[in-house]
Amino acid sequence: MSNYTTIVSDVLVVGAGLAGERAAIEAASRGLDVIILSLVPPRRSHSTAAQGGCQASLGNCAMGSGDNTDVHFADTVKGSDWGCDQEVARLFVETAPKAVRQMSMWGVPWNRVVGGKKTLPDGREVEDPKEKEGLITARDFGGTAKWRTCYTADGAGHTLQYAVDSVVIKLGITVHDRTEAISLIHDGETCLGVVARCLKTGELRIYLAKSTVIATGGYGRLYGASTNAIINEGNGMSIALNTGLVPLGNMEAVQFHPTGMVPVWILITEGARGDGGYLLDKNHHRFMPDYEPKKKELASRDVVSRRMIQHIRKGHGVDSPYGPHLWLDIRHLGAKHINTNLREIANICKNFNGIDPVNALIPVRPTQHYSMGGVRTNIDGQVYGLKGLFAVGEAACWDLHGFNRLGGNSLAETIVSGWIVGKKMAEYTLGAAELNYQYNNVQGFAKEQQERINNLIAGKQGKENVYALRKEMEQTLMDYVGIFRNGPDLQKAVDNLKEIYHRSLKIGLQSSGKGANPELSTCLRMPGMLRLALCISYGALTRTESRGSHAREDFPKRDDANWLKRTLAYWKEGSDLPDLQYEPVKITELPPGDRGYGESSASSAEGKKQN
Amino acid sequence: MSTRKFSIFRYNPITPEVKPFMQEYTIEEPPGMTIFVALNKIREELDPTLMFDFVCRAAICGSCAMIINGKPRLACKTLTSDLKGTVTLMPLPVFKLIGDLSVDTGTWFRHLSVKTKSWIHSSKEFDPNAPEDRMDNETALEIYEAERCIECGCCIAGCVTANIREDFLGAAGINRVARFMVDPRDERSKEEYFDVIGSDEGAFGCMGLMACDDNCPMQLPLQLQLSFVRRKMVSFGLSIK
Amino acid sequence: MLVQKILTRNPKAELYYDLVELFTGITLVGFLWTHMLFVSTILLGSDLFNTLSKSLDDYYLSYVGIPFIVLVFIMHILSAGRRLPTRYQEQKIIWRHAKMLQGTDTWVWVFQAITGAAIFALASIHMFVVLTGWPITATTSAGRVEAFWWFYLVLLLLGEYHAGFGIYRQFVKWGWFPRKPLGYVSKLITVIILTLGVAALWVFLQLGGA
Ligand SMILES: Cc1cc2nc3c(=O)[nH]c(=O)nc-3n(C[C@H](O)[C@H](O)[C@H](O)COP(=O)(O)OP(=O)(O)OC[C@H]3O[C@@H](n4cnc5c(N)ncnc54)[C@H](O)[C@@H]3O)c2cc1C
Ligand code: HEM
Ligand code: SF4
Ligand code: SF4
Ligand code: FES
């Protein structure tokens, strides 16, 4: 007899962000029975926080004219520092314009081209063509040759998520929110579903499905200072890793966003710089043109972040109780522009810092922002190592982003890969045999989780405090696995994290753990989070080159001869370090070359000196 | 450093024998402390059982609404320095209580979307190779203005009508309908809109007390939207048979 | 409320209720304010008051106007009264809500409902007394006020409160004017009418019944 409620469907999507819901729609519209699990109601997923926009080479606005999928492809590959899978990138850029138009049909009120002359903040005159009036327009984002980032004022992610969720509701797709997947169920070959814990009652449930999709977003909250929502703890990645069969790809590739607002680390969108904002140092000097004469503030994120830290290290930072920072200046954009197109930024500054960006400078510093790495899949979104398991969105390493994601490419990835992977997953499910599982095996997975819970409550393994461990982990990653990395620091990080990991196996609950106890939730996640932290640090320690966001001070150059490959991290049971393997990166169109910006580029100021 | 006293509503449905009560906590108050920071501090240092919800902690996702010193507000963007004396925290009324400060807004708002059929009703088939239909930029901005609602529930919790009538869709619901009415892509007829909201559950249920308008953390122009929908419903209602 | 139950089957019933509430509300406010202006002609002397009363009588305005107002009064009670919470459970919710939430809005509404119910009783008595003492003259009115001044004061305060906030909320609901200036104007008018009303009461008291 089973103690656990068991719920069976054709497809189980873990994660109700943009990627998960988009994939669910593909399956449901082919008549499959779909259930979505989510920590929070779908519309509260982290995707809604994306403010900037979504890349697609529509080329409608004047500054985007001449854009096409080839230009977008080249930007993406360069942005990734040749770390991405070029087949995936090609598929992505070809689909993005269609996906954006589809979103328009589903209700996203994309901003539109308004014909006529206008003056850009830097004084340039442009004229948007009358014949394009009313088509979807775009704004400028870092690392792109054309203006390609489609947007809805300051709420691209919000409107996308609401539109996609409206279709989920229209199709009547079942969503179990406040439900956390805490373990995958598999038989060594095929994924059969998940064990989940209800965050309303604390009850454990078994979900079984022919296909399971991991769409759980990023792991930003492993870091102490992150722009991510507090639920972004990399859950989905860790349950995949825990199987011992599924590898995580390129976990050392962590993106830092140049403009997290000090001290709350809320993101100030790249749109601020795209619309003409400047970065200033303590002397109010605009320093980016000194380093990057061509792209200035709009070089790719990894480059801008490093330039900022470099500039701070030279002593040009503004001192504060929260460490040195720099200024973001958007005052010259004017009150009207700031209060309409950048309203959300204005609100954030007012609410969380008590400043009005119309006449004040915004304190900013590079902050953890995005995880390029994730559950490694093939081009169809199928996870390595287990049949019937798929991954999409930020949780996946489909490998569109390589070692650095371009701003606006990740919202685009969610709707594009959600569509493509959703379709492939639906086809797989339709062709799959009936669910075939061993009762005892399935129950065993749930019992194992129940036992963990019992042990935590009883304090059987020890009495370590989960919040203390968590702080130590966050601090270790911040201090030693940040923007600039080096061997000794990374070694220290690995050693510390190993030690914290062992202690995390001895956590004991302080409270009763009854019901939807929040402390218990954190305790259950903690060892998994530490495994991810170890994958990141150990991967970074081992990769002795600099590529994209992975900047080694002791190995400052990209090393294509040895490192044009993707890290695959496996976790063997009982181990305290990941087992790292590598696979080659697929180069189909654009051979490794110069990015056109960044430290090693011929067009950047230092690059010139070096040449 | 100065300290601050909090008085927090406690009730856990799994232990119904413990009646609801107010519990007091005192913590240090660094400058710039928000209720988000304070509650996490209380949970991590004083009481790991305390239930509350935060997601974005940046006033974007709508998870953290609660009654703060008698007003429905987003806890993540409320600075304690803006409050006087003891900070009293209660869960939002109307919504089902999950425990302590945590309420189930998700189910309520999904019901709202189902009830108001909140999706674009269009007979068009998507053609992946066709360019998008054109739209005036002004129209796009007008839609976005209403679409900015983050489903936080502040307007519902403060609304007398929503507190008496279980089926009242509140300002968020009426605003949602306004969002689709101004959208040229939505092909719904007058009859269909009237059917959705032309009743006391919707437009005519509102009594014009404007607690919603005062409490919306997104500063949505709710009075305008409510009256816009009300007038539209009268003209739709009078013109259909 | 059987009538409502039957009517509610019509999908447009609530629309009609809302319109009736709007028109009767505005008419009653209009009536109340004109009525107060007429009453306060007493400030300018008994002769003017008597002349006005007589001319309204002579031109049959009273005979058309009063039944009309009574009808509107009843219709208003039916349409606006539908919002009154009838069940004990609901009333409890309102009180809890009003106490927990700091905003004034809930109290405004609670008062609106209470004053409405009180006016229903007081205004009916008032009308009955006036109609049975027909015609209206300065002397008869003064007599009534002297005997029941506290009754009139209460009715005046309740009626004005109810009318002032009522009209404000109607306009807000229909969105014809922005909230802030509207609140100002409606408060100003209320204060003027109240002053006139109290002054009129005072004069009547001074006059005394004959
Ligand atoms: C502040 C900010 C701004 C951004 N702006 C932009 C931008 O302008 N342009 C751009 O392209 N990208 C932007 N990004 C990146 C982009 O928003 C994200 O990468 C993207 O939204 C991720 O979508 P997702 O669907 O993969 O995951 P999410 O939206 O993070 O969704 C994850 C879902 O998984 C659920 N979940 C997680 N774990 C579990 C579990 N164990 N069990 C059940 N459910 C679970 C969650 O509840 C959630 O529903 C931004 C990111 C941040 C942090
Ligand atoms: C002097 C006569 C009266 C005047 C001038 C008057 C005026 C108004 C007005 C203008 C409103 C509109 C507010 C609205 O609809 O939202 C209103 C509401 C109301 N009236 Fe009256 N009224 C009078 C008598 C009465 C009586 C006798 C009752 C008896 C029950 C009553 C009960 C109500 C109630 C309960 C409301 C509240 C409706 C709501 O909140 O929407 N009124 N009144
Ligand atoms: S104005 Fe209407 S919707 Fe808003 S609080 Fe009042 S009754 Fe509720
Ligand atoms: S309308 Fe405003 S208060 Fe109401 S749910 Fe939406 S954002 Fe919150
Ligand atoms: S936590 Fe998202 S709005 Fe407060």
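Heavy atoms only: backbone and side chains are in, while hydrogens, waters and symmetry mates are out. Proteins come first, then strands; the chains are lettered A, B, ... in the order of their sequence lines, and each starts at number 1.
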Selection from [options] maximising heavy-atom pairs under 4.5 Å formed with chain A:
options                              : value
B:Val55, B:Ile98, B:Thr107           : B:Val55
B:Pro13, B:Pro131, B:Gly99, B:Ser122 : B:Pro131
B:Leu74, B:Val114, B:Ile120          : B:Ile120
B:Pro48, B:Ala140, B:Gly106          : B:Pro48
B:Asp183, B:Thr78, B:Val37, B:Asp104 : B:Asp104

Checking heavy atoms, do the side chain of [X], its backbone, both or neither come under 4.5 Å from chain B?
X        : result
A:Asn517 : side chain
A:Val100 : neither
A:Val466 : neither
A:Asn228 : backbone
A:Ser226 : backbone

Quiz prompt | A:Thr159 side chain to B:Arg148 side chain, donor-acceptor N/O pair below 3.5 angstrom | solution =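 Absent: no donor and acceptor within the cut-off.
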Self-check item: Residues B:Asn40 and A:Tyr467: side-chain donor-acceptor under 3.5 angstrom
Solution: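 Short answer, no.
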[X] [atom1] to [Y] [atom2] distance, which is reported to the nearest 0.5 Å:
X        : Y        : atom1 : atom2 : answer
A:Leu267 : B:Cys56  : CG    : SG    : 12.0 Å
B:Lys77  : A:Ile266 : NZ    : CD1   : 11.0 Å
A:Asn111 : B:Glu138 : CG    : CD    : 10.0 Å
B:Cys76  : A:Asn351 : SG    : CG    : 8.5 Å
A:Ile136 : B:Met135 : CD1   : CE    : 9.0 Å
A:Lys170 : B:His121 : NZ    : NE2   : 7.5 Å

Counting only non-hydrogen atoms closer than 4.5 Å, does [X] touch chain A with its backbone (N, CA, C, O), its side chain (CB onward), both, or neither?
X        : result
B:Asn129 : side chain
B:Thr139 : neither
B:Cys149 : backbone
B:Lys117 : neither
B:Arg185 : side chain
B:Asp53  : side chain
B:Phe36  : side chain

Hey, are [X] and [Y] close enough for a salt bridge, meaning a charged N less than 4.0 Å from a carboxylate O?
X        : Y        : answer
B:Asp136 : A:Arg112 : no
A:Lys471 : B:Glu44  : yes
A:Lys98  : B:Asp127 : no

Exercise. Run through A:His158, A:His46, A:Arg44, A:Gln51 and flag the one making a side-chain contact (heavy atoms from CB on, under 4.5 Å) with B:Ile60.
Key: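 When side-chain contact (heavy atoms from CB on, under 4.5 Å) is applied between B:Ile60 and each of A:His158, A:His46, A:Arg44, A:Gln51, only A:Gln51 qualifies.
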Quiz item: For chain B, which of A:Gly134, A:Ala49, A:Ala163, A:Pro97 has the most heavy-atom pairs under 4.5 Å?
Solution: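 So the answer, after comparing A:Gly134, A:Ala49, A:Ala163, A:Pro97, is A:Gly134.
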Practice problem: In sequence, state the C-alpha distance, the side-chain angles, and the governing distance for A:Arg343 and B:Glu145, and then conclude on salt bridge (charged side-chain N to carboxylate O under 4.0 Å, His left out). | Solution: CA-CA 11 Å; A:Arg343 172 167 50 188; B:Glu145 185 62 15; 3.3 Å; yes
Quiz item: Does B:Thr49 offer a backbone N or O that forms a donor-acceptor pair with the side chain of A:Glu519 under 3.5 Å?
Solution: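 Side chain of A:Glu519 to backbone of B:Thr49: no pair is present.
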